[in-house]
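The chain is numbered in sequence order, starting from 1. The shown structure was predicted, so the numbers you read here are calculated from the model rather than taken from an experiment.
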Amino acid sequence: MVEKERCTGCGACAAVCREGAIGMEPDREGFLYPVIDKARCTGCGACDAVCPIDREETEGGEAPACWGARAREDAVRLGSSSGGIFPLLAGEVLAEGGAVYGAALLPGGRVAHIRAETPKELDRITKTKYVQSDIAGALEEIPRLLREGRRVLFCGTPCQAAAVRALAGEHPRLLLADLVCYGVPSPGIWRDYVGWLEKRAGGTLRSFSFRDKREGDHGRTVAYRTGDRETALPLSRDLYCRSYFSRVNLRPACYRCRYCTTRRGSDLTLGDFWGIEAVRPDFDDGMGCSVVLCHTPAGRALWERARGAARSFPCAPAEAANPSQPRLREPTQRPARRGLLMGLYRRLPFGVWIRLFTR
């Protein structure tokens, strides 16, 4: 089992264990880690063999084909966090009778990957969720769907995509799209925040958009509904998002992430095209533009099928990984005060702790 500081919490080890000897349990910071039931463990080594940390290659090979892109239909862009490219790719897979997996906000504030099989169901898995999602259900279902002859598109963080690849192998009907990832914040802190919002509002959280575009500000607005009340405020004023962008509540493994490069093991990489104003100013209308990196022939083929529904332009890898896009070049740096603030998270009332980020 990989040491804790390097563990991404992908859950591949728990999914592969035939004895059910591995469970994913939260630590004191709210992150899931594998815990072995030694009474049930047979020592087969399957968990070590499937772990993507030391087996996934991200360096070498050809440079990806890179594009800047945005959906032609404004409604698609409005329903997405960046340029609306993921729904276009997903639509191609659904049209073939395939299934698409992405992160959804579930009742109670839980974030987990779910399966979409119709265009309507895609609505639940578009838009960014700044929470580490639970992919246990997807890891269980995807190998079965592939055996049934279904085509599958999985979209998640690079470490989650690596877990799916490790379990399913190089399957011709499996497509992996990973994200330009800043780092994953604690699902435990997110659940505490949801509870705090609900208590203050006196109502259940019904929706939460981390990247609302009503202001035409590249999605730098947070909007959520608690009970019958809707709240919208700048991203920089939402206390949970402030804790996220302070880099304090990220998973320890994120500070040494090996996927922060333009060369990855997935078929495609998707994300906001930050810095588009310097690369292609005419594409910068405040409603979002995506960067698309095609790593494999399968990824390029899917992109070419979807590209007709988008406005796009080719660009060099260096333009995709421009200074405004650091997560394609290096991991997020660990802040010096992380140990202090995460220690206080375990000791202070949550409402007191979360307000520390207003200072």
**Q.** Within one Ile-Leu-Val-Met-Phe-Trp-Tyr cluster: F350 and L340, side-chain cutoff 4.5 Å
**A.**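 The answer is yes; both residues are in one hydrophobic cluster.
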
Q. Of the non-hydrogen atoms in S81 and T128, which two are nearest, and what is the gap between them?
A.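 Reported closest heavy-atom pair: OG-N, 2.6 Å.
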
Q) Considering all heavy atoms of both residues, which atom of L235 and which atom of F210 are nearest to each other, and what is their separation? A)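 Looking at all heavy atoms of both residues, the shortest contact is CD1-O, 3.2 Å.
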
Q) Got a donor-acceptor contact below 3.5 angstrom from the R251 side chain to the T8 backbone? A)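 Side chain of R251 to backbone of T8, a donor-acceptor pair under 3.5 Å: yes, one is there.
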
Q | Backbone N/O of L268 and side chain of S266: donor-acceptor pair under 3.5 Å | A |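 Checked: no pair found.
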
Are [X] and [Y], when compared by the centres of their aromatic rings, separated by less than 6.0 Å?
| X | Y | value |
| --- | --- | --- |
| Y130 | Y240 | no |
| F208 | W190 | yes |
| Y182 | W274 | no |

Q.
For the residue pair S82 / S290, report whether a side-chain donor-acceptor contact shorter than 3.5 Å exists.
A.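 Side-chain D/A pair, S290 to S82: present.
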
**Q.** Single hit among V100, L176, L145 for side chain to side chain contact (heavy atoms under 4.5 Å, CB included) with V152
**A.**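 By the side chain to side chain contact (heavy atoms under 4.5 Å, CB included) criterion, V152 pairs with just one of V100, L176, L145: L145.
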
Q.
Does R311 qualify as a cation-pi partner of F283, given the criterion of NZ or CZ under 6.0 Å from the six-membered ring centre and within 45 degrees of its axis?
A.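 Verdict for F283: no cation-pi partner in R311.
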
Q: Could you check if a side-chain atom of R151 sits within less than 4.5 angstrom of a side-chain atom of L175, using non-hydrogen atoms only?
A: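 A side-chain contact exists here, since the closest heavy-atom pair is under 4.5 Å.
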
Q: Take E29 and R346, measure what side chain to side chain contact (heavy atoms under 4.5 Å, CB included) needs, and give me the verdict at the end.
A: CA-CA 7 Å; E29 295 182 349; R346 298 191 292 269; 3.7 Å; yes

